[in-house]
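Letters A, B, ... mirror the listed sequences (proteins, then strands); counts begin at 1. Since the structure is predicted, the reported quantities are computational estimates derived from the model, not experimental observations.
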Amino acid sequence: MKTGSLHSVFSFYFRSMTTPNVRVRFAPSPTGGLHLGGVRTVLFNYLFAKKNNGTFVLRVEDTDQGRYVEGAEDYIFDCLDWCGLTPDESVRKEGPYAPYRQSERKVIYHDYAEQLLKSGHAYYAFDTPEELEQMREQFKTAENPSPQYDHRTRGLMRNSLTLPEEETKQLLAAGTPYVVRIKMPENETVHFTDMIRGDIAHDTNVVDDKVLIKGDGMPTYHLAVVVDDYLMKITHAFRGEEWLPSAPVHIMLWKNLGWEKDMPKWAHLPLILKPDGNGKLSKRDGDRLGFPVFAMDWTDPRTGEKTTGFREHGFLPEAFVNMLALLGWNPGTEQEIFSLEELGQVFSMERVHKGGAKFDYEKAKWFNQQHIQRADNERLATLAAPFFEKEGIVTDPATLVKVVGLIKERCHLLADFVPQGRFFFEAPQSLDLDSIKGKWSDEKTSFFRTWSAQLDTVEWSHDALEASFSALATETGIKKGELMLPLRIMLVGGKFGPGVFDIIAMIGKEATQQRIATALAAL
RNA sequence: GCCGCGUUGGUCAAGGGGUUAAGACGCCUCCCUUUCACGGAGGAAUCACGGGUUCGAUUCCCGUACGUGGUACCA
């Protein structure tokens with residue numbers, strides 16, 4: 001009995017030491033299309049969870065009612081599903097920490113704001129936007145172009161720190177609009193360890209008293225992220241590098257709320273930069289340079305503006321994800337092509353780069369090409385079919401599977417299957433006759449007439465077709481090499497595509513004879 | 001301005017006191033292919049700068065420059 005209880009103590013200890021229940025989260029705000037950088041943040045969260053047998057949570061950060069966009073939340077879920085990065089817990093699959101939408105957790109935040117108010121780590125501020133504006137104007141100097149609401153200025157503003165207690169109570173009772181601000185301490189250095197960057201230090205004197213509860217009663221990101229990460233038992237918090245400057249606010253909150261020992265481990269991911277020049281990659285850059293930035297097509301319901309996505313550009317989700325994984329992270333080996341599953345086995349936050357990475361669309365297409373070569377033809381045909389449809393080309397599934405097999409090595413995008421494969425389904429609209437006109441002769445014309453007629457009796461297979469072609473060439477004394485390019489151009493229209501006899505075997509006698517006749521007439 | 005974070009070929013990047021400083025994309029040349037592509041073989045191209053420390057710095061330290069992010073009742 002003694003050993004039994006000892007054992008259970010040990011096993012509990014052991015379990016909690018070696019297999020902490022890893023929980024990570026992605027917390028997007030539903031304000032529009034899902035950016036490539038956002039998907040990569042999801043991916044790193046997801047991979048870290050997979051690697052550590054953890055749980056991936058999706059929490060909707062919809063505390064800014066002014067920026068809420070209809071449909072954006074569904075869109076985000078669709079993108080994640082397409083990528084195969086479906087969360088374990090979310091508004092669609094609730095776990096033990098519901099609700100997963102911050103607007104529905106509003107009351108929760110007030111309790112904690114109250115706690116901070118009571119302990120003196122936060123205060124009420126009644127300043128109107130105009131007063132804030134005025135303060136910034138007043139203290140603006142060449143050296144300090146953007147004065148903050150901080151330890152230097154809070155004593156000059158209308159808040160519960162400067163007002164008599166009675167007056168604060170009266171204002172509150174009268175329903176005067178207010179915000180709750182954190183009271184940043186003076187002369188302290190806030191340290192934390194970032195999994196990617198190591199020790200990070202901030203001087204509290206240069207951090208402002210961030211708003212915690214807004215005038216409309218909603219929490220800001222700063223309060224909400226801390227409260228929710230705590231309540232949802234998040235063990236590792238990964239987010240973009242743009243959050244680094246506000247990290248000390250979050251650390252202070254964890255401390256002031258008395259939760260420091262439960263604070264997640266942080267990792268601030270490097271940014272994805274635009275290919276030319278510098279700066280964060282934006283949707284605009286994609287439009288300008290001709291490549292997608294969002295995961296999938298997105299139409300802004302308010303402006304009607306449509307932005308195309310990687311999916312609609314003809315990317316395979318596994319290629320998209322593979323490309324993203326290698327942007328800012330590498331396995332330390334020479335392997336570059338990974339499945340999502342493989343990534344989940346080898347990923348580690350320590351191998352994430354510190355510096356931002358410029359996005360290279362050419363390399364992205366290479367990843368896609370690599371995955372197309374590895375993909376199953378049936379699946380490729382299914383995925384490519386819509387691209388043919390869009391061009392008004394009628395295909396049948398069985399043929400398309402075969403066609404896809406013949407042309408896939410020429411395709412970087414699913415969209416490439418159309419120009420590479422349309423001649424299998426319809427006669428070429430134009431023929432590159434200029435390439436053969438120069439060396440054309442009546443002998444060649446009669447060769448093709450004869451061969452076209454022979455087609456009626458020849459066995460319809462690649463080898464038999466080629467044999468009859470070669471035999472007639474020998475018989476007429478024309479070099480086969482002189483005839484191959486013309487034949488190709490008659491059939492496909494240009495100097496590209498798989499082997500000619502493969503094409504003929506595929507399109508059949510009627511089409512072959514017809515295309516030869518059409519070309520002969522034009523020569 | 002201030003604060004934070006960065007900086008290895010054009011791009012993604014490995015490496016981390018002594019190396020011919022990997023590999024990939026792209027580019028160029030050649031081979032293969034009676035087309036195009038795929039594939040293969042080569043090639044050009046890199047440690048931001050200045051000081052230290054050291055027998056020896058691309059690597060460690062300090063500066064500088066440059067870039068980038070933040071400096072909101074946005075996330």
Side-chain angles (χ1 to χ4, degrees), chain A residues 27-31 61-64 66-67 102 125 127-129 132 136 140-150 177-181 194 196-197 200-203 205-208 210-222 224-225 239-248 268 270-271 273 275-280 323 326-337 351 353-367 369-370 373 407-412 416 420 432 435 479-485 487-489 492 494-500:
Chain A
S29 45
T31 54
E61 306 235 342
D62 58 347
T63 54
D64 186 354
R67 293 212 305 164
Q102 289 184 330
D127 316 278
T128 63
L132 288 174
R136 292 195 179 104
K140 191 154 111 183
T141 61
E143 287 74 42
N144 185 11
S146 46
Q148 298 180 315
Y149 201 121
D150 60 14
Y178 69 89
V179 301
V180 175
R181 286 182 182 271
D194 186 282
I196 297 169
R197 297 153 204 280
I200 308 268
H202 285 92
D203 178 356
N205 287 342
V206 297
V207 180
D208 63 334
K210 286 264 182 280
V211 169
L212 265 21
I213 299 282
K214 299 186 265 189
D216 63 1
M218 278 290 189
T220 57
Y221 170 84
H222 306 295
V225 72
R239 63 207 329 187
E241 192 187 340
E242 67 268 28
W243 290 106
L244 221 30
S246 53
H268 290 86
L271 268 13
L273 279 11
D276 59 339
N278 300 101
K280 262 204 291 194
M323 176 273 290
L326 275 282
L327 207 55
W329 171 87
N330 77 84
T333 65
E334 289 192 2
Q335 185 178 353
E336 288 198 276
I337 303 302
R351 291 201 67 89
H353 243 244
K354 294 184 176 89
K358 286 185 183 174
F359 177 67
D360 181 357
Y361 189 54
E362 290 306 315
K363 182 102 187 211
K365 282 198 289 193
W366 175 79
F367 274 108
Q369 184 249 116
Q370 292 296 309
Q373 304 326 309
I407 62 175
K408 67 199 277 190
E409 67 225 27
R410 266 155 272 256
C411 298
H412 285 73
D416 294 340
Q420 290 295 337
D432 177 17
S435 297
K479 276 197 205 141
K480 191 183 168 196
E482 300 258 310
L483 299 163
M484 288 297 281
L485 187 63
L487 178 59
R488 166 174 300 280
I489 287 176
V492 322
K495 293 190 268 191
F496 64 94
V500 246

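Using atom C1' as the reference point in both B/rC49 and B/rC66, the two lie 10 Å apart (nearest Å). Between B/rA24 and B/rG39, the two P atoms lie 12 Å apart (nearest whole Å). Annotation: B/rC25 and B/rA13 have their C1' atoms spaced 11 Å apart (nearest Å). The same atom, P, is picked in B/rA37 and in B/rG70; the two are 44 Å apart, to the nearest Å. With P as the reference atom, B/rU64 and B/rC3 are 11 Å apart, rounded to whole Å. Rounded to whole Å, the separation between the P atoms of B/rG67 and B/rC74 comes to 31 Å. Of the P atoms belonging to B/rC61 and B/rG26, the separation is 37 Å, rounded to the nearest Å. A gap of 26 Å separates the P atoms of B/rU8 and B/rC28, to the nearest Å.
Rounding to the nearest 0.5 Å gives a distance of 8.0 Å between CZ of A/Arg197 and NZ of A/Lys354. The line from CZ of A/Arg410 to CD of A/Gln373 is 10.0 Å long, rounded to the nearest 0.5 Å. Taking OG of A/Ser435 as the start and CG of A/Leu485 as the end, the distance is 6.5 Å to the nearest 0.5 Å. In this structure, A/Met323 CE and A/Trp366 CH2 are separated by 12.5 Å, a value rounded to the nearest 0.5 Å. Taking OG1 from A/Thr31 and CZ from A/Arg67, the interatomic distance works out to 5.0 Å, rounded to the nearest 0.5 Å. Between atom NE2 of residue A/His222 and atom OG1 of residue A/Thr220 there is a gap of 5.0 Å, rounded to the nearest 0.5 Å.
Using a 4.0 Å cut-off between charged nitrogen and carboxylate oxygen, A/Asp208 and A/Lys210 count as a salt-bridge pair. Between A/Lys363 and A/Asp360, no side-chain nitrogen of the basic residue sits less than 4.0 Å from a carboxylate oxygen of the acidic one, so the salt-bridge criterion is not met.
One N or O on the side chain of A/Arg351 and one on the backbone of A/Asn330 form a donor-acceptor pair closer than 3.5 Å. A/Asp127 contributes no side-chain N or O that, together with a main-chain N or O of A/Leu132, makes up a donor-acceptor pair within less than 3.5 Å. A/Lys280 contributes no side-chain N or O that, together with a main-chain N or O of A/Glu242, makes up a donor-acceptor pair within less than 3.5 Å. Not one N or O on the side chain of A/Arg136 forms a donor-acceptor pair closer than 3.5 Å with the backbone of A/Pro145.
Residue A/Leu485 contributes atom CG, which lies 13 Å from atom P of B/rU34 at whole-angstrom precision. Rounded to a whole Å, the CZ atom of A/Arg488 is 12 Å from the P atom of B/rA37. Atom CG of A/Asn205 is separated from atom C1' of B/rG4 by 15 Å (rounded to the nearest Å). Between A/Asp203 atom CG and B/rU71 atom P the separation is 18 Å, expressed in whole Å. Distance, A/Gln369 CD to B/rC36 P: 17 Å, rounded to whole Å. The CG atom of A/Asp194 sits 15 Å away from the P atom of B/rG4 (whole-angstrom rounding). Remark: P of B/rG70 and CZ of A/Arg239 are 13 Å apart, rounded to the nearest angstrom. B/rC2 atom C1' lies 11 Å from atom CG of A/Asp150, rounded to whole Å.
Under the 30°/60° scheme for interplanar angles, the aromatic rings of A/Tyr221 and A/Trp243 are found to lie parallel.
Within the 4.0 angstrom heavy-atom criterion, base atoms lie near A/Gly499. Among the heavy atoms of the strands lying under 4.0 Å from A/Leu271 are primed sugar atoms or P, OP1, OP2 only; no base atom is included. Among the protein residues, A/Ala247 comes within range of no part of the nucleic acid, since none of its heavy atoms lies under 4.0 Å from any strand. Among the atoms of the strands shown, only primed sugar atoms or phosphate atoms (P, OP1, OP2) are found under 4.0 Å from some heavy atom of A/Lys280.
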List every contact pair, protein side and nucleotides 19-21 of chain B side both N or O, where the distance is under 3.5 Å.
none

Extract from the structure each pairing of a protein N or O with an N or O of nucleotides 72-75 of chain B at less than 3.5 Å, listing the distance.
| from | atom 1 | to | atom 2 | distance (Å) |
| --- | --- | --- | --- | --- |
| B/rC73 | OP2 | A/Arg181 | NH2 | 3.2 |
| B/rC73 | O2 | A/Gly215 | N | 2.5 |
| B/rC73 | N4 | A/Asp127 | O | 3.1 |
| B/rC74 | OP2 | A/Lys214 | NZ | 3.3 |
| B/rC74 | O2' | A/Asp64 | OD2 | 3.0 |
| B/rC74 | O2' | A/Arg67 | NE | 3.3 |
| B/rC74 | O2' | A/Arg67 | NH2 | 3.3 |
| B/rA75 | OP1 | A/Thr63 | OG1 | 2.9 |
| B/rA75 | OP1 | A/Lys214 | NZ | 2.6 |
| B/rA75 | OP2 | A/Tyr221 | N | 3.4 |
| B/rA75 | O3' | A/Glu61 | OE1 | 2.9 |
| B/rA75 | O2' | A/Ser29 | OG | 2.9 |

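Partners of A/Pro275 by side chain to side chain contact (heavy atoms under 4.5 Å, CB included), not counting sequence neighbours, listed by chain and number: A/Leu281, A/Leu289, A/Phe291. Residues satisfying the side chain to side chain contact (heavy atoms under 4.5 Å, CB included) criterion with A/Phe496, sequence neighbours excluded, are A/Gln420, A/Phe423, A/Val492.
Under 4.0 angstrom from either OP1 or OP2 of B/rG15 there lies at least one side-chain N or O belonging to A/Arg351.
Applying the 6.0 Å contact sphere to NZ of A/Lys140 captures no more than 12 heavy atoms from other residues, nucleotides or ligands.
Checked by distance alone, A/Arg410 brings no side-chain donor or acceptor within 3.5 Å of a matching partner on the base of B/rC38.
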Give the dot-bracket line for RNA chain B from 5' end to 3' end: parentheses for intra-strand Watson-Crick or G-U pairs under 3.5 Å, square brackets for crossings, | for inter-strand pairing, dots for unpaired. (((((((..(((.....[....))).(((((.......)))))....(((((..]....))))))))))))....
Any chance you could list the contact pattern along nucleotides 6-13 of chain B? Use B for base contacts, S for sugar-phosphate-only contacts and - for none, protein heavy atoms under 4.0 Å, 5' to 3'. S----SSS
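When distances run from any side-chain atom of A/Glu409 to the nucleotides B/rG70, B/rA22, B/rA37, the shortest one goes to B/rA37.
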